[in-house]
Amino acid sequence: MFSLFRLLRNGDTTGAILFVLSGCFVVFVCSPIHELAHGWVAYKLGDKTAKNEGRLTFNPIKHIDPIGMIMILLFGFGFAKPVPVSMRNLKNPKRDMALVAIAGPAANIILAYISAFMYYLAIFVLKGSVAGALISLFFYYSAYINIALAAFNLIPLPPLDGSKVLAAFLPNKVYYKYMSFERYAMIALLVLIATGALDKILEVITGFLLKIVFVLG
């Protein structure tokens, strides 16, 4: 997987700078869209919690989580401040929570397609120029980080979006027991990230999705 440290170790200073700039773009533009997608779908399904707390906005200040932001800038994946959702306001809580959860990663995949389109556009319009090479690389990293965010958030461990998607298919008894482990699952997730245990899995999934995005972008 791409990361700031790997690029610097390889002596790719230009790539490292563009990786961080793309990360900033994702943090301040794409992550708010990810969280807004969660809140908007919840609103459409009957829960106004996000709207009442001012989270149905593109304002990045409302959505930034400092630790998640640093992770995105350094490693290319991370998280934003979760949009609040009240299950009791949803008509079909398990199903609707899954729809709310999948909306965020889906938004990242759409943004990855847009980045891929901009990548090809920069190459076509500015072909052979230094500006074209830099701009295209910027959007390549943007597509990559958006895909990495989608893959990371779909890991089926609470509190990530994938846990809510998986929960929709679990019997109620198993579901409530599964979600009760959220605080412990977060610790386990941080351990997996710190030890690099997730790197290979994310690298395979991200690489596969990235190829699809750039073939169809």
Got Ile145 and Phe19 here, is their nearest side-chain heavy-atom distance under 4.5 Å?
yes

Any side-chain heavy atom of Phe75 within less than 4.5 Å of one from Phe5?
yes

Sorted by chain and number, sequence neighbours left out, side-chain hydrogen bond (donor to acceptor under 3.5 Å, both in side chains) with Ser142 holds for Ser115

Please name all residues satisfying side-chain contact (heavy atoms from CB on, under 4.5 Å) with Leu45, sequence neighbours left out, ordered by chain then number.
Val41, Leu90, Asp96, Leu99, Val100

Does the side chain of Ser31 come within less than 4.5 Å of Ile72's, by heavy atoms?
yes

Is it the case that more than 12 heavy atoms not belonging to Lys62 sit under 6.0 Å from its NZ atom?
no

Using a 4.5 Å cut-off on heavy atoms from C-beta on, say whether the side chain of Val83 contacts that of Leu56.
no

side-chain hydrogen bond (donor to acceptor under 3.5 Å, both in side chains) against His63, all qualifying residues, sequence neighbours excluded:
Arg55

Taking C-beta and beyond as the side chain, do Leu36 and Thr57 meet within less than 4.5 Å on heavy atoms?
no

Which pairs pass ring-ring contact (aromatic ring centres under 6.0 Å, His included) with one or both residues in residues 144-165, sequence neighbours excluded?
Phe2-Tyr144, Phe77-Phe152

Mind checking whether Phe214 and Tyr119 have ring centres under 6.0 Å apart?
yes

Nonpolar side-chain network containing Val165, other nodes, edges under 4.5 Å:
Ile102, Leu154, Phe169

Residues that Asp47 engages under side-chain hydrogen bond (donor to acceptor under 3.5 Å, both in side chains), provided they are two or more places apart:
Thr49, Asn89

I want to check something: taking the side chain as every heavy atom from C-beta on, are Ile212 and Tyr113 in contact at a cut-off of under 4.5 Å?
yes

